[in-house]
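The model shown is predicted, which means the values in this text are computed figures rather than measured ones.
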Amino acid sequence: MNGDWIDEAEAFEAAETRPLSARAAAARPTPYLDGLNEEQRAAVETLEGPVLVLAGAGTGKTRALTTRIAHLIATGRARPNEVLAVTFTNKAAREMRHRVGGLVGAVVEGMPWLGTFHSLSVKILRRHAELVGLKSNFTILDTDDQIRLMRQIVQAERIDEKRWPPRMLASLIDGWKNRALTPERVPSSEASAYAHRGTELYAAYQERLRTLNACDFGDLLLHVVGIFQNHPDVLDRYQSWFRYILVDEYQDTNVAQYLWLRLLAGRHRNICCVGDDDQSIYGWRGAEVENILRFEKDFPGAKVIRLERNYRSTPHILAAASGVIAANESRLGKTLWTDVAKGEKLRLIGHWDGEEEARWIGEEIEAFTRGTRGAEPVPADAIAILVRATHQMRAFEDRFLTIGLPYRVIGGPRFYERQEIRDAMAYFRVAVSPDDGLAFERIVNVPKRGLGDKAVQEINRVARENGISLLEAARALAAERGLSARACGQLGALVADFDRWHALAREGEDHVGLAEAILEESGYTQMWQAEKSPDAAGRLENLKELVKGLGEFENLQGFLEHVSLVMDNEQDEGARKVSIMTLHAAKGLEFPCVFLPGWEDGLFPSQRAMDESGLKGLEEERRLAYVGITRARRFCTISFAANRRVYNQWQSALPSRFIDELPAAHVEVLTPPGLYGGGYGAASPAPMSTLADRAAEADVYDSPGWKRMRARAESRPVSQPREARDMVIDATAVPAFAAGDRVFHQKFGYGVVRRVEGDKLAIDFEKAGSKNIVARFVVAADDIPF
DNA sequence: GTCTGCGAGGTTTTT
DNA sequence: CCTCGCAGAC
């Protein structure tokens, strides 16, 4: 998306008046339809009118979608540039383009309207920017810029930053934008109850954006919706142009996106939305599951097609996932099925603490890759560990580093969100558009030039009072000696540098060379070279990477847009490594072998989700569980730990309530290692190191106390999974403890059982206070094995 | 204007 | 425990 919109706009004008000659050439062979099942075929061939495709996990959704596009083009119902295909992520857009290309050949080169909501919005907005008071070369702000801008406003309004953190206000505004609420439209109840003068600040923020000629991510959509609503002539042209609209991951759309789609589909009404209400996991970011639940109301006469045949997972895995998701109330309901062989049950295991969980999973992974588990070796890149929260990753990284297991963390800070990249980008931004005040402010004192808060405030004041850009204000201040001599000298030099770089950029100087020169001459590279911290080298490496990436673009301008909207960090895809990522990041992916650690109440489901959103939050967490399980093709292992170090304090937790929802018939409960001695031999072949460890501890496991405890544990196994609908507590699950029993816990010491609930005990510890503990993690006080 | 010490807070994050 | 942001000290 490097400034080519003008050409496309012209093509748009020209093409519109041409007859649809391609349409005459219908009735070509349709080899791409071969191999689709009946429902997929319906999803592909039901072309006219609104269609909702409810596609469960692993049911060939992307295939149906891409084939549908191919079909539209091949049958001549639409030219490639008359099809609007929308995704959420760049990755999904790329993949779709790639796969459609594979089906219909090079024609997709001419599919300019396949992209993310945001990138398509930019394309539209650049053409009509003046209608919302922007110039077509507006810049796009990311979250960081947004917050900094908000901070400026908060300061200008003399609002207490402690009570109204800019961060919070920015996310409040984000939320309003997600719901397509402009400042005037925010319900007064929210505006005042939530944030002191909320809408007022929102309006001020929008005003600032306009003067900066900038948009935040939310604006991209909202401005387009606004243009469509206020300029029927513009809307009319787009409506007529897009004969067919396709939307991926419809369950993740927010109100703004919904309006965007509904407006565009208003004429032809050929809109096909694909999604899965059970996989809606972005509610906290403004996604409205209701959009998919209401589809038939919004688009009367809609056809609903269900894809329920799963091509990914074994029956045990599907049944377990279905059992969990069945506990949700607000869902459209699907029944996934498959006819592949049964495969292995899910495995469930409880651990003493998070470290042991990581150790055990590490050993399991080695067993899988070596082929001692399952029939043949599973390559490391076929294995994934999916966690609820990023902080869970550390235990695995630590462990894998010590045993030398290659892994990669997916997600984490994006390339362009890193400090050094953002700084470099800010330099480029000012060089290209000297008016970019936010960028200028970011780097005016990076590296340190002795231009601190005071200087920056002064520049801002001059800029505001004279209605000029920050760079011009800086120029004036330096010339008029409006600051200390030292500051004036530095500022003058910086302004002169930018003048020079700007001139070079305009002259079309080789932009890669220019970028290098900017980083060099500004002293930015030098700054990191001088820095001794361990990550400085990595940062320099990233800068090199950035400059290298520039080479693929025609000019800096094009690159800047790419980075702000599209760039993501794809890394060594080829390498054989275990993946560690969040459940959110795993959506849309699949792995032969999946580990789901940390299934403890409070962590997963997350306490915060439940506190903030109640039942709705819990249901979203449950969908997350569903997403997690359905990533697995053949092996899925769920685990929990009784104790976890959180901020270096020991906390105990109960197994996740989702574990109780796993249908018992599809789950194999493993005996945890370490606890009862010998558990290992039964559960999995232990690597040498572990056997050695065990041997060293052998005498402990031989004590009478352990033997007694072990015998009791076997009659009352780990947190018994039950049938989801079986609400009665299984008699065998009743623990051997009673209220009043004196018990011992390895971490918390002695205590007295206060209450017994199934296999969970409420215990008052002498030192550690009261805790909820699973019965098998404590021993009767007289059974202590030493 | 930059450095140090103290207190608060510490989910998920497509664009 | 570790990181960030701020207030006060240089």
- prompt: Does A:Asn445 place a side-chain N or O at less than 4.0 Å from the phosphate oxygens OP1/OP2 of B:dT2?
  reply: yes

Atom-to-atom span, CE of A:Met393 to P of B:dT12 - whole angstrom: 8 Å

message: My understanding is that only residues two or more places apart in sequence, or in another chain, count here; which of them pass salt bridge (Lys or Arg N to Asp or Glu O under 4.0 Å) with A:Arg422?
response: A:Asp142, A:Asp144, A:Asp145

message: Using salt bridge (charged side-chain N to carboxylate O under 4.0 Å, His left out), reason through A:Arg394 and A:Glu397 one step at a time and then give a plain yes or no.
response: CA-CA 5 Å; A:Arg394 235 191 82 188; A:Glu397 294 195 62; over 6 Å; no

message: On DNA chain B, compare the nucleotides closest to A:Ala455 and A:Thr582; which residue's is nearer the 5' end?
response: A:Ala455

- prompt: Between the base of B:dT12 and the side chain of A:Arg388, is there any donor-acceptor pair under 3.5 Å?
  reply: yes

- prompt: Over how many whole Å does the gap from A:Ile173 atom CD1 to B:dT15 atom P extend?
  reply: 22 Å

- request: Could you check whether the rings of A:Trp528 and A:Tyr524 sit parallel, tilted or perpendicular, using 30° and 60° as the cut-offs?
  value: perpendicular

query: Taking CD from A:Gln607 and P from B:dT12, how many angstroms apart are they, rounded to a whole number?
result: 15 Å

- request: Would you classify A:Lys448 as touching base, sugar-phosphate or nothing, given that sugar-phosphate means primed atoms plus P, OP1 and OP2, and contacts are heavy atoms under 4.0 Å?
  value: sugar-phosphate

task: Mark this stacking check for A:Trp284 against B:dT11 as yes or no, applying ring centres under 5.5 Å and ring planes under 30°.
output: no

message: Given 3.5 Å as the limit, does a donor-acceptor pair link the side chain of A:Arg442 with the main chain of A:Ala426, or not?
response: no

message: Determine whether the aromatic ring centres of residues A:Phe228 and A:His128 are separated by less than 6.0 angstrom.
response: no

- request: Flag the pair A:Leu134 / A:Cys215 as yes when at least one side-chain heavy-atom distance between them is below 4.5 Å, and no otherwise.
  value: yes

- request: Calculate the interatomic distance between A:Arg449 atom CZ and B:dT2 atom P; express it in whole Å.
  value: 12 Å

query: Where each residue is assigned the nucleotide of DNA chain B containing its nearest heavy atom, which of A:His584 and A:Leu220 is assigned the position nearer the 5′ end?
result: A:His584

field: For atom CG of A:Leu221 and atom C1' of B:dT15, their distance in whole Å
entry: 9 Å

message: Side-chain N or O of A:Asn90 versus OP1/OP2 of B:dT15: is the shortest distance under 4.0 Å?
response: yes

Report each atom pair, protein N/O against N/O of nucleotides 1-6 of chain C, whose distance is under 3.5 angstrom.
residue : atom : partner  : partner atom : Å
C:dC1   : O5'  : A:Asn648 : ND2          : 2.8
C:dC1   : O4'  : A:Asn648 : ND2          : 3.3

message: Suppose you measure atom P in C:dC2 against the same atom in B:dT13; what distance do you get, rounded to whole Å?
response: 23 Å

- request: Begin with the C-alpha distance, continue with both residues' side-chain angles, and end with the deciding distance and a verdict on salt bridge (charged side-chain N to carboxylate O under 4.0 Å, His left out) for A:Asp353 and A:Arg644.
  value: CA-CA 5 Å; A:Asp353 63 19; A:Arg644 213 170 266 285; over 6 Å; no

query: Just checking A:Glu621: base, sugar-phosphate only, or nothing, at a heavy-atom cut-off of under 4.0 Å?
result: base

query: Contact class for A:Tyr282 (heavy atom, under 4.0 Å): base, sugar-phosphate, or nothing?
result: base

statement: Residues at least two apart in sequence or cross-chain that pass salt bridge (Lys or Arg N to Asp or Glu O under 4.0 Å) with A:Arg449, listed by chain then number, are none

Nearest-Å distance for atom pair CG/P, residues A:Asp174 and B:dT15: 14 Å

query: What is the glycosidic conformation of B:dT12: syn, defined as within 90° of 0, or anti?
result: anti

- prompt: Over how many whole Å does the gap from A:Met527 atom CE to B:dT2 atom P extend?
  reply: 13 Å

task: To the nearest Å, give me how far apart NE2 (A:His391) and P (B:dT12) are.
output: 8 Å

message: Considering every strand and a 4.0 Å limit on heavy-atom distances, what is the contact class for A:Ala585: base, sugar-phosphate, or nothing?
response: nothing

